[in-house]
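The structure under discussion appears below in the form of structure tokens.
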Amino acid sequence: MALLQIAEPGLSAAPHQHRLAVGIDLGTTNSLVATVRSGSAVCLPDAQGRNGLPSVVRYLSDGAVDVGHDALKAQKIDPLNTISSAKRLIGRSLDDIARDQLPYRFGHGDAVVTLATRQGDKTPIEVSAEILRALRQRAEDSLGGELTGAVITVPAYFDDAQRQATKDAARLAGINVLRLLNEPTAAAIAYGLDNRAEGTFAVYDLGGGTFDVSILQLSQGLFEVKATGGNSALGGDDFDHRLFCHLLSQCGLSQLNEQDHQLLLGLARAAKESLTTDESATIQATLSDGRDVSATIRREEFHNLTQHLVAKTLEPIKQALKDAGVGKAGIQGVILVGGATRMPHIRQAVTTFFGQTPLTNLNPDEVVALGAAMQANVLAGNKSADEWLLLDVTPLSLGLETYGGLAEKVIPRNSTLPTARAQEFTTFKDGQTAMTIHVVQGERELVADCRSLAKFTLRGIPPMVAGAARIRVTFQVDADGLLSVSAREQTTGVQAQIEVKPSYGLDDDTITRMLKDSMQHAQDDAQARARAEAAIEAQGLLEAVQAALALDGDLLDEAERQNIDQALADTAQQLAHGDADTIRQAVQALGQATDTFAARRMNRNIQRVLQGKNIEELES
Ligand code: AMP
């Protein structure tokens, strides 16, 4: 239905065009890109169907750069050249960061953080640009075109330097930044909270390594971040670690080598994730020295083990509420963001704390990217949210040709599909037994200026005087944009019909041009229609008077006949060369010149009818 989707004309050079815009969630551990397709936001997966791109960049010895899953896999074997969590460093100076806790060699830049790799010193901006470039490539491959721009999300607490650095990274990646959007705001947009008039909302975001809480206030469609809080060293990883420690003590293990440590930590993480849906999880592994490890953990046990971590998230919420100056009761909605919020005891704790069920029906890993995509779609000038439902409309009016070359619109443009309309038409000439239905498309008044779609003929109309036949013409456009036109003569039921695809061969530019033409020519068209209507009337009157003269011309004396002939000639002259006004004046003069003649004809006709009949016959 792409061809039938149309915006208001005049908004841009090509209002029908859909601009490719995406939302990017540039995360500390994972990044995502999403777009709006047919009115809904969706994440764009890679060729393997994975939505998340690990925010990891590896600089290889041959000058190539790996981004994402391959880089993550190689991190252990090439840690100095594989950069993760660049988001924690972007826009920060060397003084801002705890250098000794990071596994990198730092370059010699002054204030700006640089990381020494085998491809030279890299700033976090350059590292982030690699991630953004990979996401841009993914989007362009999957959308099949160049991006108009992107909305990129940043944490609500990012300062100006961090925001500017994120923009610089996007510029390096060749991305036009439509807007930087706060992550919690993006989540609120994804849930459609921006459609409400007012409200205060809490966003609870627990990812792999960080916890953020934000209090947002929506006022007249604009979100303001009233307060933020959190813990940059608390996340799903801590739950994995707690389970891992429990496993060690249960199995009597200590002093694991790096390989076994990673193995068991990975299994603990998988067990944690499965406990979200299952009542229990079993961990089984064979360690590098051949020992077998096996343990089963129940959900309740896991919850007891990690309840203190859940409780740790509540303190920052209380502080944020205090900072925002609102109580729990003043919160209209709570949104959960981040994969770790899938854990049932997190959901339970949030429900108990706020006294309301949080919003969870969107995927918590994707919700930020989805909201960013929705915002990008609007900023790029595509349909605004409330117009999405009206996408399937007729882009141009559909109608048919009536006598005099006039286009009569039956289905006006922008009618929502499917649609059907019927209108009655009649014959123009006495004894007319066939009618050609010429289906046209466009906004102009004259058929010559519209697009001809199809022609078909309705035959078998019983001979009647002009204007007596009733031909019902029905236009029907189905949900796929297929137009069928049928014409039915009402007394006999004879019928004819045709099917056409009005969008066939009609590209965006053609629609735009046709709409522009109709606006530019509106005045000329109105005059042309007025003239055509006057001409139809003049033509009809000329023919009727000529026929009457042939039959009853003897009713006129010479002067009267001359007078009528003169009026006929004037009318014919105006019909050929005059405008709507002069034609109408000529028609009026012809009417006056034939008044007496018409009255005499009427008398003669009555006499003819009455001749030779008695009163009884007439009464019956
Ligand atoms: P994010 O940073 O939003 O991608 O969140 C990653 C964290 O979410 C990791 O700690 C994951 O183990 C955790 N996570 C993902 N899925 C689940 C799940 N089904 N149950 C519990 N935690 C999950």
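Whatever order the structure lists them in is the order used to number ligands and atoms, beginning at 1. Index from 1, following the sequence.
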- prompt: Are any of the N or O atoms of G339 closer than 3.5 Å to those of ligand 1?
  reply: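 Yes - when backbone and side-chain N and O of G339 are compared with those of ligand 1, one distance drops under 3.5 Å.
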- request: Run the numbers for me: atoms of ligand 1, each under 4.0 Å from some heavy atom of G236, listed by number.
  value: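 The atoms of ligand 1 under 4.0 Å from a heavy atom of G236 are 10 (O).
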- prompt: Atoms of ligand 1 less than 4.0 Å from G338 heavy atoms?
  reply: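 In order of numbering, the contacting atoms are 3 (O).
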- request: Check each heavy atom of T28 against ligand 1 and say whether those closer than 4.0 Å belong to the side chain, the backbone, both or neither.
  value: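 Under 4.0 Å from ligand 1, T28 contributes no heavy atoms.
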- request: Inspect the contact between D141 and R138 and indicate whether a charged nitrogen and a carboxylate oxygen are less than 4.0 angstrom apart.
  value: no
Nearest candidate to atom 15 (C) of ligand 1, where distance is taken over non-hydrogen atoms, out of R269, R342, K272: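 Nearest option to atom 15 (C) of ligand 1, by heavy atoms: R342.
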query: Just checking, any donor-acceptor pair under 3.5 angstrom between side chains of E224 and S219?
result: no
query: Side chains of L234 and T210: closer than 4.5 Å at any heavy-atom pair?
result: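 No; the side chains remain at least 4.5 Å from each other.
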field: Close side-chain approach of D205 to F211, heavy-atom, < 4.5 Å
entry: no
Students should be able to answer this: which protein heavy-atom is nearest to [atom], and at what distance?
atom: atom 6 (C) of ligand 1; result: G208 N, 3.6 Å
atom: atom 20 (N) of ligand 1; result: T276 OG1, 2.7 Å
atom: atom 4 (O) of ligand 1; result: D365 OD1, 3.7 Å
atom: atom 11 (C) of ligand 1; result: E273 OE2, 3.2 Å

- prompt: Hey, does the Lys NZ or Arg CZ of K272 hover above the aromatic six-ring of F302, less than 6.0 Å from the centre and inside 45° of the axis?
  reply: no
- prompt: So, the side chain of D260 versus the backbone of S288: is there a donor-acceptor pair under 3.5 Å, distance only?
  reply: yes
